[in-house]
Amino acid sequence: MCMFITSIDIRESLKGCLIAGAIGDAVGFKYECSENNQDISFDFNWIISDDTQLTLATCEAIYDSVEIKPEKVAERFLYWYTHKRLVGLGSSTLKALRELQVGGHWALVGRTGEYAAGNGAAMRIAPLAFKKHITKLTIKDICTITHRNDEAYSGALAIYYSIKAAIDGIWKGDYGLIDYIIEKIPDTRVRDRFIELIPLQSLSISEIGKLYKSSGYVVDSVPLALFAAQKINELDYAMILTELIKLGGDTDTVCSMFGQIAGSLYGTKIIPDNLMYQFEKLEITDLISEIVNNWKE
Ligand SMILES: [Mg+2]
């Protein structure tokens, strides 16, 4: 049972978001797309994937300035791509990066159409919630770099507003998050899924998994990540990761997004020592410290 005080400093919240998200990504990545994940262990050599890498690349583009420039975010994505620092890229993101590499414009290279309704915008949008004066247009622009799709954007908005609600003390880890998000996002299939979850909120993660699993489709993964985040006052962080991994599907992304939201609310204190020890071996602690210590809201 988590009983933490919710008012934390913005830097601790950002640190919690980045680290709890990265751990979710690392533990989930091993089990991605495997079915019947019943025997879950976190004791293996972790690697992080695109969820964390593109979140950190976004941070690099925005941390030391109050202004967010999509072209700078695209430039950092391309830098990570050309330096072979991205693992497990989705097809829409890969398409955009290849076209950026040959000179494409950030606003035009993102994939369009129904197959662009992936998780790739939502999984990396979290850092924007730590900035003041963000408009929906800015959020859309940042999504557009890889996903020119309204479902992908709606999923990203859901993650953005969840984290913002955690930072602003509007959401305190209870069952109000999904109701709150339904009021904040446009009418899309992502929003429809949230509405379907309303009468099911008291179900356990394993029970909801019989109805909805995570997948590469943003409609499946973002609502499930928020459903899991609403359990953070009942179950501990590591247990929620385990339960999400057991469901199978896009386990790294759903665990990462859940971790980003829960970490934004409670900071790093939700992370048990054994997971923090494993995290420190990932060699992203210096980059995260640089980002957090120099963060401009
Ligand atoms: Mg991934």
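Counting convention: from 1, in listed order, for ligands and their atoms alike.
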S.K.: Looking at Tyr160 and Ile139, would you say the former's side chain and the latter's main chain have a donor-acceptor pair under 3.5 Å?
M.R.: no
S.K.: Using a cut-off of 2.8 Å, find all protein N, O or S atoms closer to the Mg ion (ligand 1) than that distance.
M.R.: Ser49 OG, Asp50 OD1, Asp51 OD1, Asp252 OD2
S.K.: Is any side-chain N of the basic residue among Lys246 and Glu243 closer than 4.0 Å to the acidic one's carboxylate O?
M.R.: yes
S.K.: Under the 3.5 angstrom rule, does the side chain of Thr251 hit a backbone N or O of Gly28 as a donor-acceptor pair?
M.R.: yes
S.K.: Return the set of residues passing salt bridge (charged side-chain N to carboxylate O under 4.0 Å, His left out) with Lys30 (not counting sequence neighbours), or none when no residue passes.
M.R.: none
S.K.: Which pairs with one or both residues in residues 193-207 pass salt bridge (Lys or Arg N to Asp or Glu O under 4.0 Å), sequence neighbours excluded?
M.R.: Arg193-Glu196, Arg193-Asp220
S.K.: ring-ring contact (aromatic ring centres under 6.0 Å, His included): which pairs involve residues 65-112, sequence neighbours left out?
M.R.: Tyr79-His83
